[in-house]
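Report on one structure; see the data block that follows.
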Amino acid sequence: MMMGKRLVAGFYNGKTEEVARRLLGKILVHESPEGTTAGRIVEVEAYLSEGDPACHASRGKTKRNAPMFGPPGTAYVYLIYGIHYCFNVVTAPEGIGEAVLVRALEPVAGLDLMAVRRGGLEDKYSLCKGPGNLCAAMGIAKHHNSHDLSRVPLYLADDGKVCGEIVTATRIGISQAAELPLRFYLANSPYVSRK
DNA sequence: AGCAAGATTAGC
DNA sequence: CTAATCTTGCTA
């Protein structure tokens, strides 16, 4: 299944906010043993190393956030509230702890498998809505932590499709630095978790 | 060794 | 608005 060109290292050049915006419209693909699922990124949030206490890396490197300090294009996957996984793309150069949280996808392949993973949910607009939900639908879990996103089975690709207007907003679900404009989503997408 | 907090979600 | 559920990191 061809989902476009894999993203290469140069894609991550520039500030994390810019890379976050650049990730909108790109495709996340998971070729799992159960089948392939893929979704177009429609909503993201940037987490920065400086002036951003909401960022997991803001208090230095620990066992948990270590992948955030790895090379750009690394996956940072963690369990939140003991129940849901959150999927991030490491964006800053190695040694700097920054990442982009993917908050919503427009499903583009493997919708049936996504529905099964979501417990029979059939509404395509809800399949990958929210960071925990998209991980469930895509079959992303803790064993993907630290994975190199230029390689199978989990990778990012660009199918060349141009995305529309980008809206800048504040991040969801955080208590610190909640006023920073670090959330970005596609204005015309019905798959965004919240407008 | 104990404990509070957490980039969420579904259900009342 | 709250419970569910568990790993991590900080404090003692």
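Below, chains carry the letters A, B, ... as their sequence lines are ordered, and counting in each starts from 1. Side-chain atoms are counted along with the backbone in the values below, which use heavy atoms only and exclude waters and symmetry mates.
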Interatomic distance, [X] [atom1] vs [N] [atom2] [rounded to whole Å]:
{"X": "A/Leu127", "N": "B/dT9", "atom1": "CG", "atom2": "P", "result": "13 Å"}
{"X": "A/Asn65", "N": "B/dG6", "atom1": "CG", "atom2": "C1'", "result": "14 Å"}
{"X": "A/Leu101", "N": "B/dA7", "atom1": "CG", "atom2": "C1'", "result": "5 Å"}
{"X": "A/Phe184", "N": "B/dA7", "atom1": "CZ", "atom2": "P", "result": "18 Å"}
{"X": "A/Ile83", "N": "B/dT8", "atom1": "CD1", "atom2": "C1'", "result": "8 Å"}
{"X": "A/Tyr78", "N": "C/dC6", "atom1": "OH", "atom2": "P", "result": "17 Å"}
{"X": "A/Ile80", "N": "C/dA4", "atom1": "CD1", "atom2": "P", "result": "17 Å"}
{"X": "A/Arg194", "N": "B/dA7", "atom1": "CZ", "atom2": "P", "result": "15 Å"}

DNA chain C: 5'-proximal contact among A/His84 and A/Lys142 (nearest heavy atom): A/His84

First of A/Lys63 and A/Gly82 reached from the 5' end of DNA chain C, by closest nucleotide: A/Gly82

Sugar-phosphate only, base, or nothing, as touched by A/Arg103 at under 4.0 Å among non-hydrogen atoms: sugar-phosphate

Sugar-phosphate, base or nothing in reach of A/Arg171, heavy atoms under 4.0 Å: nothing

Per-pair stack call A/Tyr81 and B/dG6, 5.5 Å, 30°: no

Test of understanding: clusters of I, L, V, M, F, W, Y form through side-chain heavy atoms closer than 4.5 Å, transitively. Do [X] and [Y] belong to the same one?
{"X": "A/Tyr76", "Y": "A/Leu23", "value": "no"}
{"X": "A/Val102", "Y": "A/Val19", "value": "yes"}
{"X": "A/Val89", "Y": "A/Tyr185", "value": "yes"}

Short side-chain to backbone donor-acceptor contact, A/Lys26 and A/Arg22, under 3.5 Å: yes

Backbone of A/His147 reached by a side-chain donor or acceptor of A/His143 within 3.5 Å: no

Mate of B/dA1 where both pairing distances stay under 3.5 Å, Watson-Crick or G-U: C/dT11

Watson-Crick or G-U counterpart of B/dC12, or none if no pair lies under 3.5 Å: none

Under-4.0 Å side-chain N/O to phosphate OP1/OP2 contact, A/Arg183 with B/dA7: no

N or O in side chain of A/Asn133 less than 4.0 angstrom from B/dA10 OP1/OP2: yes

Nearest to side-chain heavy atoms of A/Leu79, which nucleotide of C/dC6, C/dG9, B/dA7: C/dC6

First encountered from the 5' end of DNA chain B, between A/Arg118 and A/Gln176: A/Gln176

